[in-house]
Asker: 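One structure is given below, represented as structure tokens, and several questions about it will come after.
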Amino acid sequence: MSKHYPKGLDGRQRDQNGEIREKRGDTRVATLRKEYGPHFAKGFRSDAKLETVREDTGKSLSELVKKK
């Protein structure tokens, strides 16, 4: 029997500790732009990986999508 935990940010499930699973680093910027809009990770190629964006900017996905 599987347990259901409340959904977190971006509709992602939380684990049993209540933490949201981190987005995979090999997710392409093009995929994230479909979800977060065309201005996500401006200045990065669409075939760049999320881990590259994180390393270059020093920001987490949450910080990258946060409205200014």
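Values in this document were obtained by computation on a predicted structure and should not be read as measured data.
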Asker: With rounding to the nearest 0.5 angstrom, report the CG to CD distance, Asp26 to Glu51.
Answerer: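 The distance works out to 7.0 Å.
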
Asker: Would you give the length of the straight line joining atom CD of Glu55 to atom CG of Leu50, rounded to the nearest 0.5 angstrom?
Answerer: 10.0 Å

Asker: In the structure I gave you, are the side-chain heavy atoms of Phe40 and Leu61 within less than 4.5 Å of one another anywhere?
Answerer: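 Side-chain contact under 4.5 Å: yes.
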
Asker: Within the 4.5 Å heavy-atom criterion, are Val29 and Val53 side-chain neighbours or not?
Answerer: yes

Asker: Determine whether Leu64 and Tyr36 satisfy the following criterion, side chain to side chain contact (heavy atoms under 4.5 Å, CB included), listing intermediate values before the conclusion.
Answerer: CA-CA 10 Å; Leu64 290 167; Tyr36 300 115; over 6 Å; no

Asker: Given 3.5 Å as the limit, does a donor-acceptor pair link the side chain of Arg54 with the main chain of Ser60, or not?
Answerer: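 Checking the backbone N and O of Ser60 against the side chain of Arg54, no donor-acceptor pair under 3.5 Å is found.
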
Asker: Verify, without hydrogens or angle tests, whether Arg33 (side chain) and Arg28 (backbone) share a donor-acceptor contact under 3.5 angstrom.
Answerer: no

